[in-house]
Protein chains: 2
Amino acid sequence: MSRGTVSRVINDEPYVSAEARTAIEAAIEKVGYVPNNAARSLVMQRSQAVGFIVHEPHSLFLDDPNIGGILLGANTVLSRADYQMVSLVIDSQRDTDRVARYLSGGFVDGVIIVSARHEDPMIRVVQRLALPAAFVGHPPDLRQLPFVGIDNRASARAITERLMATGRKRIGMIAAALDRDSGADRLAGFTDALGPRFDPALVARVPLYTYSDGADGMRALLERDPGIDGVFAASDAVAAGALEALRDAGRSVPGDVGIVGFDDSSWALRTQPHLSTVHQPAFGLGAAAAECVLGQLRGEAQPVGGILLDTPIVWRNSA
Amino acid sequence: MSRGTVSRVINDEPYVSAEARTAIEAAIEKVGYVPNNAARSLVMQRSQAVGFIVHEPHSLFLDDPNIGGILLGANTVLSRADYQMVSLVIDSQRDTDRVARYLSGGFVDGVIIVSARHEDPMIRVVQRLALPAAFVGHPPDLRQLPFVGIDNRASARAITERLMATGRKRIGMIAAALDRDSGADRLAGFTDALGPRFDPALVARVPLYTYSDGADGMRALLERDPGIDGVFAASDAVAAGALEALRDAGRSVPGDVGIVGFDDSSWALRTQPHLSTVHQPAFGLGAAAAECVLGQLRGEAQPVGGILLDTPIVWRNSA
DNA sequence: TTGAAAGCGCTAACAC
DNA sequence: GTGTTAGCGCTTTCAA
């Protein structure tokens, strides 16, 4: 049997006699033969793999429950299309360079990029290689590249309005990660909702979407206005931290103050009381990003400007 | 210039004149040339990549704070050695097969496997390929393959003894994940510590290391013996759930009952009071597993029987 | 329907 | 020091 025929069997191509096919299949089984992917991808110019790049500082990577959901969503879609998802974490400059080489080297046919930052070097790499890509989230300098995300501003506005509808008089916000568009947009949505009632003194700014920053922010708010009775926390983790500060200060929730979060992450059900929050469709984001990359791989045109997924409000007991 | 010389420049080999080197480097820069990794790994028989396989059910993957730490530890070590870590998540039978093909195909030079289960198909794949591997954790049917882990039994015994030393009279355990060696070993360590005082009625068995299972377990314990005054929870997440049940039942912690956890995960500082617990060196486990694989890649003999990392007790306020 | 041969882009051995 | 050449293991013409 020639290599050609064997190749045809492995790739399920026509023009192979039944007997040759069974004979070859038996032989493959017997020898335990496995095709060498490196050789195959060299000649076929594709690897049947899609990269999943996570670019997060340590603390967030460990904390952020969204990443896991996005990853699982992407993997589910890619798996169904018989693509291998390979996730690459970037944690240093050295990582950035190595990942850039990895992408350049033809090890992946496309790439999903999570939490890219402003001026992210990956954006340039992807553009230079003309690699099919989809971003999750929307770094501001992302020209023309497809992305999937949520409308942080409209969602923040919606949940703030819902909080206002409960009759709170002094509503503040713990705004986090203002250097990212998600953080800035959530603050903008909050401002939109409050309109003329907006009071900058009632916005505490903290660097990260973390529990401890949430506690810090809440303490700051309490100090500035002890009469505060409503809080929009920029994320559930932040809200959970705020809850701790509120408990320490002897305030009851939702009695004395109503609090709402953002993400509907596993945090939301771990707090006492459970959080009213904006549902972030993490799994759906990953799945949509994967579909987007697969579409490009099939040569389909992608919608320009990206796609935004729905973010229903989940109302529980914290407000 | 011939391909040979160019190759020598790219691989930083000697016997290239300074002028040729600079000329070629300039040309590379100018054309934006990037070497094709598939071709390179085909001829060199190595890919300079190490797989990181996570085999977890959804819920755990999203919840388990250890995985992130292990992943970061492994990535740090591999990155320093200029290896690309590619993580592959297994979430279905289809994934298992595809990952097996991926490994067989020469896309990785070695592999780190996290949370393999009993009879895990990956064990066979790795053995058949004679792929340098390191397991994190210790599935029971892991013959001769290297692993890194912790001594769950000794650690559980140590923290239980510490809890006993606080003078508690009726000590119970919320035992989780008894189908895994970690779960079974933690129960065994608890039994060891209690010795003749061990009372099977004070062990609540729950399926998973989760918050909600912890709450369920604690409720069961309270029902069986309202006078219980000490609890060893099989993980911090379980302990956090138990704390909720205790609060609902009007018991104070550590006043009425002392509780200890396991993992020293981010949960430990999110509860009120903070948890006394066993520190699980997640980052170190990932780093050690990576070192182990790199050692094999360098042809060094690995210690048989695996290596166990230290698990210091972190004593806080929950007991 | 099958075999033979070319070539994917690279490295390594050898000749110059 | 540098150019030349032979593969790495596969798919894919093209002939038979």
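In what follows, every chain begins at residue 1, and chains take the letters A, B, ... in the order their sequences are listed.
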Pairwise 5' ranking along DNA chain D for Ser7(A) and Pro14(B), keeping only the more 5' one
Pro14(B)
If I take atom CZ in residue Phe107(A) and atom P in nucleotide dG9(C), what distance separates them, rounded to the nearest angstrom?
15 Å
Figure out the CG/P separation between Leu42(A) and dT11(D), and round it to whole Å.
11 Å
When you measure from the side-chain N and O atoms of Gln45(B) to the phosphate of dG9(D), is any distance below 4.0 Å, counting only OP1 and OP2?
yes
Out of dG9(D), dT11(D), dG9(C), which has the shortest distance to the side chain of Ala39(B)?
dG9(C)
As a test of reading the structure: which of dT1(C), dT2(D), dG3(C) is closest to the side chain of Ser17(B), going by heavy atoms?
dT2(D)
Rounded to whole Å, CG of Asn11(B) lies from P of dA12(C) at a distance of 7 Å
Using a 4.0 Å heavy-atom cut-off, does Pro35(B) contact any base of the nucleic acid, only the sugar-phosphate backbone, or nothing at all?
sugar-phosphate
Is Thr5(B) close enough to dT2(D) that one of its side-chain N or O atoms is under 4.0 Å from OP1 or OP2 there?
no
Whether Arg94(B) and Asp97(B) form a salt bridge (side-chain N of Lys/Arg under 4.0 Å from carboxylate O of Asp/Glu) is what I want to check.
no
Side chain to side chain, Arg98(B) and Leu88(B), heavy atoms closer than 4.5 Å
no
Against Val136(A), only a single residue in Ile67(A), Ile150(A), Val54(A), Ile112(A) fulfils side chain to side chain contact (heavy atoms under 4.5 Å, CB included); can you say which?
Ile112(A)
Students often get this wrong, so: under 4.0 angstrom with heavy atoms, is Ala20(B) touching a base, only sugar-phosphate, or nothing?
sugar-phosphate
For Gly4(A) and Gly4(B), take the nucleotide of DNA chain D holding the closest heavy atom to each; which residue's nucleotide lies nearer the 5' end?
Gly4(B)
Nucleotide nearest Arg40(A) when distance is taken to its side chain, options dT2(D), dT11(D), dG7(D)
dT11(D)
Can a donor-acceptor pair be found between the side chains of Gln296(B) and Arg298(B) at a distance below 3.5 Å?
no
Atom pair distance, as rounded to whole Å: OH in Tyr15(B) and P in dA12(C)
15 Å
In terms of side-chain heavy atoms of Ser2(A), which of dC8(D), dG3(D), dA4(C) is nearest?
dA4(C)
Rounded distance in Å - CD (Glu13(B)) to C1' (dT2(D))
13 Å
May I ask you to say whether Asp82(A) pairs ionically with Arg101(B), meaning some side-chain N is under 4.0 Å from a carboxylate O?
yes
What is the distance, to the nearest angstrom, from the CZ atom on Arg46(B) to the C1' atom on dT11(C)?
11 Å
Rounded to whole Å, CZ of Arg8(A) lies from C1' of dA4(C) at a distance of 11 Å
Rounded distance in Å - CE (Met44(B)) to P (dG9(D))
15 Å
